[in-house]
Amino acid sequence: MMENSARYLAQTPILDYQNPAIAQLVKDQMWRTMPPVERVKAIYTFVRDQILFGYNASDQLKASQVLADGYGQCNTKATLLMALLRAADIPCRIHGFTIDKALQKGAISGIWYALSPQNILHSWVEVWVNDTWYFLEGVILDKKYLAALQKRNPDCQTFCGFGAYTDDLQQPPIDWNLNNTYIQDKGINQDFGVFDSPDQFYALHQQKLNWFKRLVFERVARHLINANVRSIRK
């Protein structure tokens, strides 16, 4: 076990894993009874595929709110993944970045794409298993959505757009078994380093949107974007 692991298991305002809905989910799935590797694999797969790819009102939602939404993007899925891992006694931390908005084109289109900042806040979860940190970025796109992209682009290998940037669209490294997983990492253009919690990360870094663009995104744009994502998945 690592030294000072308590910092990577702590509940925070954003990682509210003692929330009744999260606690009940962990109990129902019996994650705490599994060996650590199987525990991480089960939680990771749940967040990847049962929490659909989509855009929430804010990056700074609590984990319980992301679970209630039933969908998320890189930052909000990372929040829920961290909360579930910590609830199941698996140490984890968050790594912050920005990515080029080009990889969002298609999922976000038209005026909403034009209004998006060039550099978009991004994060992945790093999980501590068998004395090693593993990177879990591949949690972002649910398999049904990814399958739709693969079907649309059967001959494509390197692919940028629709929420993905990968060198191998047909077989991206998104399944976890003591390995790093990725689906957007090729778009990273700035590295902010690691943080104990999303709370610490967002205290220093937020999306570069003024109050008006933030309001429009929350009230109008994200609903249209999510409708587009659902149509792609279908």
Side-chain angles (χ1 to χ4, degrees), residues 1-19 22-23 25-53 59-64 66-67 72-97 99 121-143 146 164 166 172-186 188 191-202 205:
M1 188 67 176
M2 70 166 71
E3 294 183 4
N4 301 319
S5 63
R7 62 192 283 198
Y8 301 121
L9 291 169
Q11 177 171 255
T12 69
I14 291 179
L15 301 178
D16 61 336
Y17 63 72
Q18 292 179 7
N19 176 276
I22 291 181
L25 175 63
V26 173
K27 180 180 179 180
D28 290 346
Q29 296 291 330
M30 297 188 291
W31 285 325
R32 292 172 66 95
T33 68
M34 299 177 183
V37 172
E38 295 306 312
R39 200 181 315 169
V40 173
K41 188 183 299 184
I43 293 171
Y44 171 83
T45 302
F46 175 88
V47 177
R48 186 191 64 198
D49 295 333
Q50 300 305 312
I51 305 300
L52 302 180
F53 174 54
D59 286 332
Q60 299 176 61
L61 292 185
K62 296 180 179 181
S64 59
V66 181
L67 179 62
Q73 32 80 352
C74 57
N75 299 313
T76 50
K77 278 199 170 191
T79 289
L80 180 57
L81 179 58
M82 288 186 72
L84 295 176
L85 289 168
R86 290 189 181 189
D89 293 324
I90 299 292
C92 57
R93 65 190 184 189
I94 189 169
H95 198 146
F97 308 89
I99 51 175
L121 204 65
H122 179 59
S123 61
W124 70 46
V125 174
E126 298 184 355
V127 62
W128 181 258
V129 184
N130 291 358
D131 296 327
T132 302
W133 287 110
Y134 292 101
F135 307 158
L136 303 183
E137 196 213 40
V139 75
I140 301 167
L141 303 185
D142 58 276
K143 274 201 166 179
L146 179 60
T166 175
I174 62 166
D175 293 320
W176 187 78
N177 188 20
L178 296 174
N179 57 282
N180 298 325
T181 72
Y182 300 108
I183 194 64
Q184 293 184 352
D185 64 302
K186 299 303 177 184
I188 290 171
D191 187 337
F192 295 129
V194 295
F195 300 83
D196 291 357
S197 69
D199 311 61
Q200 291 182 358
F201 177 42
Y202 297 129
H205 304 284

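Heavy-atom basis, side chains included; hydrogens, waters and symmetry copies ignored. It should be emphasised that the depicted structure is a prediction, and the values quoted were computed from it without experimental measurement.
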Can you give me the closest heavy-atom contact between Ala88 and Trp31, atom names plus distance? CB-CB, 4.5 Å
Who pairs with Asp175 by side-chain hydrogen bond (donor to acceptor under 3.5 Å, both in side chains), at least two apart in sequence or on another chain? Arg48, Lys143
Separation of Leu25 CG from Leu80 CG (nearest 0.5 Å): 8.0 Å
Taking the side chain as every heavy atom from C-beta outward, state whether Val194 and Trp133 have any atom pair closer than 4.5 Å. no
As an exercise, state the distance from CD of Gln184 to CD of Gln73, rounded to the nearest 0.5 Å. 9.0 Å
Not counting sequence neighbours, which residues clear ring-ring contact (aromatic ring centres under 6.0 Å, His included) with Phe201? List them please. Phe195, His205
Rounded to the nearest 0.5 Å, the CG atom of Asn177 sits from the CD atom of Glu38 at a distance of 7.5 Å
Hey, could you give me the CG/CG distance between Asn179 and Leu136, rounded to the nearest 0.5 Å? 8.5 Å
Pair Thr181, Val139 - check side-chain contact (heavy atoms from CB on, under 4.5 Å), show working. CA-CA 8 Å; Thr181 72; Val139 75; 5.9 Å; no
Quick check: does any side chain N or O of Arg86 sit under 3.5 Å from a backbone N or O of Cys92, one acting as donor and the other as acceptor? yes
Would you name the heavy atoms of Asp196 and Met82 that are closest together and state the gap between them? O-CE, 3.8 Å
Can you tell me how far CG of Leu67 sits from OG1 of Thr76, rounded to the nearest 0.5 angstrom? 12.0 Å
Less than 4.5 Å apart, side chain to side chain, heavy atoms only: is that true for Val26 and Leu84? yes
For Gly72 and Ile51, work out which heavy atoms get closest and say how close. N-CG2, 3.9 Å
Using only atom types and a distance under 3.5 Å, with no angle test, would you say the side chain of Tyr17 pairs donor to acceptor with the backbone of Leu9? yes
Can you sort out the partners of Met30 under side chain to side chain contact (heavy atoms under 4.5 Å, CB included), two or more places apart, ordered by chain and number? Thr33
For Gln50, which residues count as a side chain to side chain contact (heavy atoms under 4.5 Å, CB included) partner, sequence neighbours excluded? Phe46
Set of side-chain hydrogen bond (donor to acceptor under 3.5 Å, both in side chains) partners for His95, sequence neighbours left out: Glu126, Asp191
Considering non-hydrogen atoms only, spot the tightest contact between Ile140 and Lys77 and give its length. O-NZ, 3.0 Å
Is the backbone N or O of Ala42 less than 3.5 Å from a side-chain atom of Thr45, with the two atoms forming a donor-acceptor pair by type? no
Going by side chain to side chain contact (heavy atoms under 4.5 Å, CB included), name the residues that satisfy it together with Gln18, two or more places apart in sequence or in a different chain. Gln11
Let me confirm one number: the CG-CD1 distance from Leu141 to Ile183, rounded to the nearest 0.5 Å. 5.0 Å
Sequence neighbours left out, what passes side-chain hydrogen bond (donor to acceptor under 3.5 Å, both in side chains) with Asn75? Give chain and number order. Asp59, Ser123
Contact summary for Glu137 and Tyr182, nearest pair of heavy atoms: OE1-CA, 3.4 Å
For the residue pair Pro198 and Ile94, what are the closest heavy atoms and their distance? N-CG2, 4.0 Å
Test item: Asp185 and Phe135 side chains (from C-beta on) under 4.5 Å apart, heavy atoms: no
What I'd like to find out is whether the side chain of Leu121 reaches to under 4.5 Å of the side chain of Tyr202, using heavy atoms alone. yes
Those residues at least two apart in sequence (or on a different chain) that pass ring-ring contact (aromatic ring centres under 6.0 Å, His included) with Trp176 are Tyr134
Under the salt bridge (Lys or Arg N to Asp or Glu O under 4.0 Å) rule, collect the residues that match up with Lys62, sequence neighbours excluded. none
Scan for salt bridge (Lys or Arg N to Asp or Glu O under 4.0 Å) pairs involving residues 26-37, sequence neighbours excluded, and state none if there are none. Arg32-Asp89
All side-chain hydrogen bond (donor to acceptor under 3.5 Å, both in side chains) counterparts of Asp16, not counting sequence neighbours: Ser64
Restricting to side chain to side chain contact (heavy atoms under 4.5 Å, CB included), what partner residues turn up for Pro36, sequence neighbours left out? Arg39, Ile90
